[in-house]
Each structure stands twice: as structure tokens, then as C-alpha cells.
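What follows is a single structure, written as C-alpha cells, with notes after it.
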Amino acid sequence: MAAKNLQSIRGIHDGLVTEVRLWQRVEAAARKTFGRYAFSEVRLPILEPSELFVRSIGEATDIVSKEMYAFTDQGGDHICLRPEGTAGATRAYLQAGLTRSGTQRWFYIGPMFRRERPQKGRLRQFQQIGVEMFGAQGPLEDAEILAMAHAFLSELNISGLQLEINSLGCAACRPAYHDALMGYLHARTDHLCATCNDRMNTNPMRILDCKNTQCQTQLDDVPEMVKHLCNDCEQHFSGLKSGLQALDVPYQINARIVRGLDYYNRTAFEIVTDQLGAQGTVLAGGRYDGLVSQLGGPPTAAIGFAAGLERLGMLLAEQDASHADTGLVEIAVVAIGESVLQYSMQRAAQLRNDGFNVVHCGGGNAKRQFKTADREGARFVVIIGEDEMRQGCVSLKTMATGKQQQVSNKDLNAAINLEQ
RNA sequence: GUGGACGUAGCUCAAUUGGUAGAGCCCCGGCUUGUGAUGCCGGUGGUCGCGGGUUCGAAUCCCGUCGUCCACCCCA
């Protein structure tokens with residue numbers, strides 16, 4: 001344990017080489033897939049006014065009431081590290097005056113901050129890949145955005161994932177459902193856990209996904225939102241389902257998916273895994289038709305989702321560890337003798353210009369240099385001594401086979417490509 | 001925020017009933033000063049997370065603290 005009093009903040013981890021390689025694979029898959037669906041990347045602020053999240057997510061939520069890194073800056077402004085991306089994206093959409101510019105299809109990749117108790121797959125600073133689509137209201141868009149999420153994860157080849165969908169209804173049908181739910185729950189308060197009894201007052205729908213098995217046994221025939229949808233919501237939901245079927249996206253209806261926030265309506269979905277312990281949600285989202293107007297804009301339909309970059313990286317690491325460490329270094333240059341040092345550096349530079357990833361082993365003791373080459377995982381060693389320099393050639397060694405040959409400088413690239 | 005487990009060399013771990021720490025791997029050097037991954041020999045490296053306390057004596061017991069992990073909670 002090196003630096004004792006100089007550690008990263010609890011729950012805030014360094015992304016070292018291994019993790020970053022994993023993340024970059026996830027990011028590459030996202031950029032590729034989202035591009036196919038004509039989504040464009042945006043880069044949004046990490047610092048936002050605290051007020052933004054109070055007004056969007058809501059003061060009563062855990063995220064805002066106890067998990068936000070919020071502070072007053074030197075000028076007296078109340079600002080915070082963003083705990084999620086949707087609110088900022090909506091703010092930016094409004095600020096840029098895009099409400100009459102047609103459908104906006106955005107995605108972003110970046111860090112979010114929540115002061116939670118750290119756990120596997122749960123960090124205080126974590127990265128999300130977020131997608132937001134503004135100005136699209138039909139079930140076709142819902143189906144397509146889910147197909148996009150599915151394609152994105154398929155691109156990564158992660159198995160064991162499950163798409164679950166639900167409908168949360170809308171302002172028209174939710175009150176009646178709420179009454180039905182409360183009636184059902186009130187009859188069983190004695191059998192529900194303490195947390196659930198609290199939730200009766202704050203957010204009764206949350207009781208549906210309580211993990212307490214005792215509570216779950218009480219909920220066998222609990223009223224479900226999907227069975228209380230109004231006509232419009234019903235049509236929307238069946239449009240989504242038939243869209244997913246048409247696109248061959250496997251899904252499952254899970255009436256227990258809920259959202260804590262008021263602005264969510266209709267489609268809600270999660271993609272879950274059983275491989276990350278309690279933090280099984282790898283991607284989640286839904287429709288939030290109410291948010292734009294809640295933040296002062298015109299009524300605007302919107303839908304989006306966010307995926308946890310670290311969680312996806314962990315799944316990749318568990319599934320194919322072999323993939324993680326494919327050699328970065330293609331060629332190691334070994335210089336034998338002081339007199340060829342500078343020349344060997346020039347040859348290394350030339351190989352880099354030719355498009356190879358090259359390390360120079362530093363000259364000196366030949367054995368040491370070969371050891372370095374091996375440790376770096378170089379596939380080839382280009383050996384340069386006085387003879388080679390004089391003759392305008394190098395000795396090319398293929399590390400895996402041990403085969404070594406003399407190749408003239410002009411034939412080197414061809415020889416390497418032959419050996420690959 | 002609540003509950004539980006853990007914290008010993010760079011890494012993975014060991015140290016019988018409390019007697020001031022060991023191994024493997026890694027790293028460095030040598031056996032071969034134009035050749036690696038296998039072999040042999042040698043070497044560097046630890047205020048036992050940190051701070052108190054009990055004791056003649058603590059890595060080992062107690063308290064606190066920080067951190068990691070797990071579950072609750074919450075969520076990506």
C-alpha cells in the first residue's frame with residue numbers, strides 16, 4: 001500500500017489500462033450501433049445547477065435528497081455534480097431552442113456522481129452511456145430504440161441478458177390504478193415489511209419490486225398497471241410489442257418494473273443480468289413525455305435509456321478474459337551496440353510511420369532487451385546491429401515460433417505481413 | 001444511512017494458546033557482454049491499513065478510524 005494519505009475518494013476508482021480497454025470496446029460498440037440509428041453524440045456539462053435535478057428528478061428522491069454532490073461555489077451559486085444524464089440533456093435541448101427543430105437523437109458517454117454506499121457494480125463516480133430522443137411519440141420509436149439497445153448489447157456479445165418491458169400508463173389512467181393498488185395494499189399492511197409500509201405513503205408502486213420475499217408472497221394477485229391502461233396507453237403498449245416482434249427483439253413483460261419519478265410514463269424497460277449480484281440492471285430507461293414541459297418547455301414526447309459502462313465492462317471481463325489482453329505492441333526494436341543506437345531509433349520511427357505499434361527496447365544488454373520484448377508481448381523483434389546497419393537490413397524474429405531471418409529494409413513490411 | 005466479512009512484501013496468501021514476520025509469483029543481477037518465454041544461483045523489498053488501549057511483550061486481544069467486498073436501501 002503505497003501512498004497512505006493520498007488515496008482516491010471512496011467509491012471513486014481509477015480506470016487503469018485493463019478497464020479502459022474494456023470500456024473502449026463498449027464505447028466503440030455504442031458509437032457504431034447508435035450511428036446506424038442516426039443518433040449523434042453530444043457532450044454535456046458535468047457540473048449543473050442543483051436546481052435542475054430538484055425540478056426534474058424531484059426533491060423527495062434518494063438521488064436528490066441524499067446522494068447528490070451539491071455545494072455552493074465561490075460565487076454563491078448552488079451547483080452539483082450531475083447524478084444522471086437525462087435532466088441535463090433536456091436542459092440543453094431547451095437551452096439550444098431545439099423544440100421546433102424536429103426529432104433530436106442524442107447519445108452521450110460520461111461520468112455521473114452519486115454518494116451511495118459502494119458495492120459491486122455501484123460506484124460513487126460511474127460512467128453511463130445515455131441515449132435520449134426528443135420529439136418522438138409513437139410506439140414505433142419505442143420499439144426502434146429498444147431494438148437499438150438490443151443491437152448494441154448484441155454487438156458486445158454479452159449473453160444471459162434479458163429485456164423486460166412494462167407500461168406505466170399516463171396521467172389519465174394512473175390515478176384509477178393508484179386507487180386500486182392502494183385498496184389492495186391497505187388490506188395487507190400487516191404482512192408487508194416496514195420499508196413497504198413507508199412506501200405506501202411515498203411511492204406505492206415501488207412496493208411491487210420489493211425484494212423481501214415475504215412481501216412478494218403478498219403480491220401474487222396485486223393489480224398491475226398493464227391491466228389498467230387507458231385506450232391510448234393500451235394502443236401504445238401493443239404497438240410497442242408488435243414492433244418488437246416484427247424486429248425479432250426478444251422481450252418479456254414484467255409488470256413489476258416501476259419508476260420513482262413522476263415524469264415517466266408509458267414505456268419502461270430494463271435489461272438485466274444475473275451475473276452482477278444485486279446490481280443486475282445493465283441498461284434501463286423509458287418514456288418521459290412530461291419532462292420537457294416540467295422544465296419549462298412545450299409538451300414534448302421523449303424517450304431514452306442509460307447503460308452502466310462499468311457494469312458492461314465487468315460482464316465483458318467475466319465472459320471473455322482472453323479478449324482483454326491482445327498485444328498492443330507489434331514490434332520491439334533491439335539495438336546491439338552503442339554505435340547503432342541512433343540508427344535503430346530512426347528505424348523504429350520509420351516502422352511507426354508505416355503503421356506498426358513499436359517499442360524500442362532501449363539498447364544495451366541484448367538479453368535484457370529480448371526479455372523486455374517478450375514482456376511487452378511483441379509479436380516481432382527487429383534486431384539491428386552493426387552488420388545490419390551496414391547492409392541496410394534487419395534481423396526479423398517472430399517471437400511465437402522463434403524463427404529468425406535477415407530482411408532488407410525495403411522488404412521488411414512485406415516480410416512482417418507475410419508472417420502475421 | 002443500516003447490517004456482515006475482510007485489510008500482512010508490487011501481486012496472491014501463510015504465521016499453532018499474544019513472544020517485534022514467511023512462501024510463491026513479480027522485479028533486479030549472475031550462469032551466456034547478438035537473443036526471450038523453460039533451468040540453476042543470488043539479491044531488493046514489510047512502521048503487519050492508520051490511531052489509541054490492554055500487556056513485560058500485539059500482525060494476533062479491545063476501541064476508534066479509513067478503505068475494500070457483500071447484503072439491505074437505491075439504482076446504471
Side-chain angles (χ1 to χ4, degrees), chain A residues 1-13 26 57 61-67 83-86 109-131 149 193-196 198-199 203 206 209-212 257-261 269-273 276-285 304-315 332 334-338 340 361 363-388 394-404 406:
Chain A
M1 253 74 329
K4 259 131 197 160
N5 27 12
L6 244 44
Q7 291 185 39
S8 68
I9 295 165
R10 178 174 208 192
I12 300 188
H13 292 185
V26 178
I57 308 178
T61 60
D62 282 5
I63 292 180
V64 171
S65 65
K66 38 192 194 200
E67 295 176 359
E84 59 100 37
T86 300
I109 302 173
M112 307 294 165
F113 303 82
R114 293 179 201 172
R115 200 182 181 290
E116 299 185 273
R117 185 86 167 255
Q119 200 178 320
K120 188 184 191 70
R122 192 172 78 179
L123 297 165
R124 307 246 262 213
Q125 175 177 338
F126 60 102
Q127 301 176 83
Q128 282 191 339
I129 299 180
V131 165
C193 70
T195 328
C196 280
D198 285 345
R199 283 193 270 234
N203 191 354
R206 279 240 157 265
D209 66 350
C210 181
K211 280 183 196 152
N212 188 316
I257 292 179
V258 297
R259 284 291 111 95
L261 319 176
F269 54 92
E270 294 181 1
I271 295 179
V272 297
T273 176
L276 290 178
Q279 312 301 321
T281 306
V282 133
L283 182 151
F305 66 77
L309 191 47
E310 285 85 354
R311 289 185 187 176
L312 289 171
M314 288 165 82
L315 289 177
V334 166
I336 312 284
E338 278 289 308
V340 302
C361 293
N365 183 307
K367 186 187 179 79
R368 266 248 320 267
Q369 294 190 69
F370 274 88
K371 237 176 173 159
T372 303
D374 186 50
R375 240 197 323 267
E376 294 281 4
R379 274 181 287 168
F380 303 100
V381 173
V382 163
I383 305 147
I384 301 172
E386 295 206 13
D387 290 347
E388 284 87 350
V394 303
S395 295
L396 176 67
K397 178 166 182 174
T398 307
M399 291 299 265
T401 60
K403 171 183 169 192
Q404 189 166 322
Q406 279 219 344

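Chain A is the first sequence line, chain B the second, and so forth, proteins listed ahead of strands; every chain is numbered from 1. If you're wondering where the values come from, they're calculated on a predicted model, not measured in any experiment.
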Original post:
OP1, OP2 of B:rC74 versus side-chain N and O of A:Arg199: anything below 4.0 Å?
Top reply: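 It does, given that an N or O in the side chain of A:Arg199 lies less than 4.0 Å from OP1 or OP2 of B:rC74.
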
Original post:
Taking only N and O in the side chain of A:Gln119, is any of them less than 4.0 Å away from OP1 or OP2 of B:rA71?
Top reply: yes

Using a cut-off of 4.0 Å on non-hydrogen atoms, how would the nucleic acid contact of [X] be classed: base, sugar-phosphate, or nothing?
| X | result |
| --- | --- |
| A:Ala373 | nothing |
| A:Gly121 | base |
| A:Gly313 | nothing |
| A:Ile12 | nothing |

Between [N] and [M], how far is it from one [atom1] atom to the other, in whole Å?
| N | M | atom1 | result |
| --- | --- | --- | --- |
| B:rG1 | B:rC27 | C1' | 44 Å |
| B:rU12 | B:rC72 | C1' | 31 Å |
| B:rC61 | B:rG24 | P | 27 Å |

Just how far is it from atom [atom1] of [X] to atom [atom2] of [Y], taken to the nearest 0.5 Å?
| X | Y | atom1 | atom2 | value |
| --- | --- | --- | --- | --- |
| A:Met112 | A:Leu309 | CE | CG | 10.5 Å |
| A:Ile63 | A:Arg114 | CD1 | CZ | 4.0 Å |
| A:Arg115 | A:Ile9 | CZ | CD1 | 10.0 Å |

**OP:** List the protein contact pattern of nucleotides 26-39 of chain B with one symbol per nucleotide (5' to 3'): B for base contact, S for sugar-phosphate-only contact, - for none; contact means a heavy-atom distance under 4.0 Å.
**Re:** -SSS-BB-BBBS--

Subject >> Between P of B:rC73 and NZ of A:Lys66, the distance in whole Å >> reply: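 Between P of B:rC73 and NZ of A:Lys66: 12 Å.
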
Subject >> Atom-pair distance (CD on A:Gln128; P on B:rC74), nearest Å >> reply: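 From A:Gln128 CD to B:rC74 P: 18 Å.
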
**OP:** Report yes if some heavy atom in the side chain of A:Leu396 is under 4.5 Å from a heavy atom in the side chain of A:Val382; otherwise report no.
**Re:**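 The answer is yes, as the side chains (C-beta and beyond) meet within the 4.5 Å cut-off.
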
**OP:** Answer whether the closest heavy-atom distance between the side chains of A:His13 and A:Pro118 falls below 4.5 Å.
**Re:** no

Original post:
Taking the side chain of A:Arg311 as its heavy atoms from C-beta onward, which of B:rC73, B:rU68, B:rC75 lies nearest to it?
Top reply: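 Looking only at side-chain atoms, A:Arg311 lies closest to B:rC75.
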
Original post:
Does any nucleotide pair with B:rC69 by Watson-Crick or G-U wobble geometry, both distances under 3.5 Å, and what is it?
Top reply: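 In the structure as shown, B:rC69 has B:rG4 as its Watson-Crick or wobble partner.
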
**OP:** Go through the N and O atoms of the side chain of A:Arg122 and the base of B:rC73, and report whether any donor-acceptor pair is under 3.5 Å.
**Re:** yes

Original post:
Within the modelled atom types, does a donor on one side and an acceptor on the other bring the side chain of A:Arg117 and the base of B:rC70 under 3.5 Å apart?
Top reply: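 No, the side chain and the base share no sub-3.5 Å donor-acceptor pair.
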
